[in-house]
Amino acid sequence: MFEEINPNRRYFLTTMIKTIAATQLGRLEHTKQHATSATAELPIEGELPFLGGAIAWLNSQPLTVDELRGKVVLINFCTYTCINWLRQLPYVRAWAEKYQDQGLTAIGVHTPEFEFEKNIDNVRRALMDMRIDYPIAVDNDYAVWRAFGNHYWPALYFVDRQGRIRHHQFGEGNYERSERVIQQLLSESSTGGVGQEMVEVEARGFEAAADWDSLKSPENYLGYERTENFASSGSTVLNKPHLYTAPVQLRLNQWALSGDWTIGRQSIVLNQSGGRIAYRFHARDLHLVMGPSERGTSVGFRVLIDGQPAVAARGLDVNERGEGTVTEQRLYQLIRQPQPIGDRQFEIEFLDAGVEAFAFTFG
């Protein structure tokens with residue numbers, strides 16, 4: 001029996017005695033969308049905490065709790081390679097635009113998972129690519145995360161005009177309910193009416209909703225700290241270059257390396273050209289978080305599915321010949337296959353050394 005797929009990229013448990021690096025990750029079950037009445041009573045869940053722990057702000061001067069009083073505030077915890085947040089993003093972006101003139105302030109809190117997500121230039125570039133112009137607090141030290149007692153990417157917190165948290169949403173889904181909460185909070189103590197119409201979102205590319213009915217492959221990391229189902233033949237060597245061989249056949253959700261790789265705590269790095277990663281998966285979409293190990297370089301690759309160039313099933317970052325180039329540290333969409341969805345054998349061959357890969361995600 002396959003593990004139930006987690007539609008929330010991270011369930012991040014923190015404790016008083018463990019550092020962030022030692023934090024354990026778990027699973028959060030998918031919550032289905034459902035509507036809620038605009039007049040449903042919303043409890044008070046707490047006060048909007050201190051935001052001063054952010055190391056920087058993008059798209060805005062630093063915002064304070066006092067400055068935000070009198071506004072309805074939507075706090076969105078994110079990290080830019082998170083596929084679950086990317087699929088939530090079109091709704092947050094649409095709400096920020098639709099309701100800004102009625103008193104809503106949307107704030108993204110970018111709390112990084114991988115080291116490269118702490119690079120502000122990387123974050124700034126990602127925001128531009130994603131057409132995000134609302135304020136983003138850069139939370140590299142997890143100060144805002146801890147102030148909220150947050151455990152999830154993505155997470156939404158809904159704050160009323162008095163600075164009180166009135167609702168939350170962890171993970172994808174429940175978009176209609178979330179928008180109804182925004183409308184209700186805007187209507188409270190407001191002289192102007194707030195319409196009941198829902199935003200219309202046409203999500204494409206990375207932002208398209210997952211095909212949950214076909215999804216049988218959970219996210220998997222590649223660094224030794226959290227990886228699962230590694231199937232390369234022979235011994236595994238940590239933190240040192242080693243020559244790996246992939247088995248002829250993989251079972252569903254197994255993955256393997258071939259070529260000269262270094263397996264590190266958080267990622268794997270290719271030491272010589274020609275290395276491959278193979279993955280047996282069952283999903284419409286396959287993504288890989290990766291980038292060049294040295295800034296300013298690029299790495300060419302080709303993608304195969306069931307031994308053939310990925311043409312009909314190619315993702316956004318693969319051309320009509322089944323090829324692509326790694327140029328920056330981000331999420332790459334390598335497969336988006338047409339129906340019917342079945343078990344498929346994915347392979348990516350790197351034509352140059354120097355790629356660093358972190359995690360597979362599916363959709």
Side-chain angles (χ1 to χ4, degrees), residues 12 14 16 20 38-80 85 88-89 91-112 117-118 120 123-124 126-127 130-170 177-195 199:
F12 205 54
T14 56
M16 295 289 288
I20 290 172
T39 60
E41 185 170 346
L42 299 173
I44 297 173
E45 299 181 356
E47 299 289 325
L48 176 63
F50 180 61
L51 302 176
I55 69 161
W57 286 76
L58 304 177
N59 299 334
S60 170
Q61 294 297 314
L63 298 175
T64 68
V65 172
D66 288 341
E67 288 176 301
L68 293 169
R69 286 195 182 276
K71 296 180 179 293
V72 172
V73 181
L74 177 65
I75 300 287
N76 183 204
F77 281 91
C78 59
T79 188
Y80 81 83
W85 172 66
Q88 184 188 74
L89 174 60
Y91 292 90
V92 177
R93 196 168 49 216
W95 297 332
E97 179 179 356
K98 177 180 178 181
Y99 297 108
Q100 63 179 342
D101 293 336
Q102 300 180 61
L104 177 69
T105 297
I107 299 174
V109 180
H110 187 273
T111 311
E117 291 175 307
K118 295 181 179 180
I120 294 181
V123 178
R124 185 179 288 110
L127 299 184
M130 297 168 190
R131 309 186 315 282
I132 296 173
D133 56 9
Y134 52 80
I136 300 290
V138 180
D139 188 32
N140 283 2
D141 297 331
Y142 279 65
V144 182
W145 176 285
R146 288 193 299 269
F148 273 81
N150 186 56
H151 302 299
Y152 306 94
W153 287 287
L156 294 169
Y157 293 88
F158 303 77
V159 182
D160 67 18
R161 297 176 189 272
Q162 287 74 49
R164 304 172 301 185
I165 298 172
R166 302 284 298 282
H167 186 68
H168 64 267
Q169 165 65 34
F170 298 143
R177 182 183 183 191
S178 293
E179 188 168 2
R180 292 295 185 201
V181 169
I182 292 171
Q183 291 174 348
Q184 180 173 341
L185 294 181
L186 289 172
S187 297
E188 291 179 356
S189 305
S190 174
T191 56
V194 177
V199 296

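Side chains included, hydrogens not; waters and symmetry mates left out as well; all remaining heavy atoms used. In this text the structure is predicted, and so the values were computed from the model without any measurement.
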Quick one: CG on Leu89 to OH on Tyr80, what's the gap to the nearest 0.5 Å? 14.5 Å

On a heavy-atom basis, the closest approach of Leu186 and Gly103 is CD2-C, 3.7 Å

Could you tell me whether a side-chain N or O of Asn76 sits under 3.5 Å from a main-chain N or O of Ile107, the two making a donor and an acceptor? no

Do side-chain atoms of Asp139 reach the backbone of Trp145 as a donor and acceptor pair under 3.5 angstrom? yes

Main-chain N/O of Val199 paired to Glu179 side chain as donor or acceptor, under 3.5 Å: yes

Please confirm whether the backbone N or O of Asp141 pairs with a side-chain atom of Arg146, one donor and one acceptor, at under 3.5 Å? yes

On the 0 to 90° scale, with breaks at 30° and 60°, tag the Tyr157-Phe77 ring pair as parallel, tilted or perpendicular. perpendicular

Filter on side chain to side chain donor-acceptor pair (under 3.5 Å), then keep only pairs touching residues 44-63, sequence neighbours left out; what's left? Glu45-His168

Should Ile120 and Leu58 count as side-chain neighbours, where that means a heavy-atom distance under 4.5 Å? yes

Closest heavy-atom contact between Pro43 and Glu41? CD-O, 3.9 Å

Should Glu97 and Arg131 be marked as a salt bridge (charged side-chain N to carboxylate O under 4.0 Å, His left out) after you check the CA-CA gap, both sets of side-chain angles, and the distance that decides it? CA-CA 11 Å; Glu97 179 179 356; Arg131 309 186 315 282; over 6 Å; no

Tightest non-hydrogen contact, residues Tyr134 and Arg93, listed as CE2-CA, 4.2 Å

All heavy atoms of Arg161 vs all of Leu185, minimum pair found to be NE-O, 4.0 Å

Are the side chain of His110 and the backbone of Ile136 linked by a donor-acceptor contact shorter than 3.5 Å? no

So how far is it from Gln169 CD to Tyr152 OH, rounded to the nearest 0.5 Å? 11.0 Å

For Pro49 and Ile165, which heavy atoms make the closest approach, and how far apart are they? CD-CD1, 4.3 Å

Is there a side-chain contact between Thr79 and Trp85 (heavy atoms, below 4.5 Å)? no

Out of curiosity, Lys118 NZ to Ile55 CD1, how far, rounded to the nearest 0.5 Å? 9.0 Å

If only atom types and distance count, is the side chain of Arg166 paired as donor or acceptor with the main-chain N or O of Val181 below 3.5 Å? no

Just by modelled atom types, is the Ala106 backbone N or O under 3.5 Å from a matching donor or acceptor in the Trp95 side chain? no

Taking C-beta and beyond as the side chain, do Leu156 and Val92 meet within less than 4.5 Å on heavy atoms? yes

Show your working on side chain to side chain contact (heavy atoms under 4.5 Å, CB included) between Gln184 and His167 and close with a plain yes or no. CA-CA 11 Å; Gln184 180 173 341; His167 186 68; over 6 Å; no

Do Gln183 and Tyr99 have a side chain donor and acceptor closer than 3.5 Å? yes

Side-chain heavy atoms of Ile44 within contact of Asp160, under 4.5 Å: no

Donor-acceptor pairs under 3.5 angstrom involving side-chain atoms of residues 62-74: please list them, not counting sequence neighbours.
unit_1: Thr64; atom_1: OG1; unit_2: Glu67; atom_2: N; d: 3.1
unit_1: Thr64; atom_1: OG1; unit_2: Glu67; atom_2: OE1; d: 3.2
unit_1: Glu67; atom_1: OE1; unit_2: Thr64; atom_2: N; d: 2.9
unit_1: Arg69; atom_1: NH1; unit_2: Gln162; atom_2: O; d: 2.3

Side chains of Val144 and Thr111 in contact at under 4.5 Å (non-hydrogen atoms): no

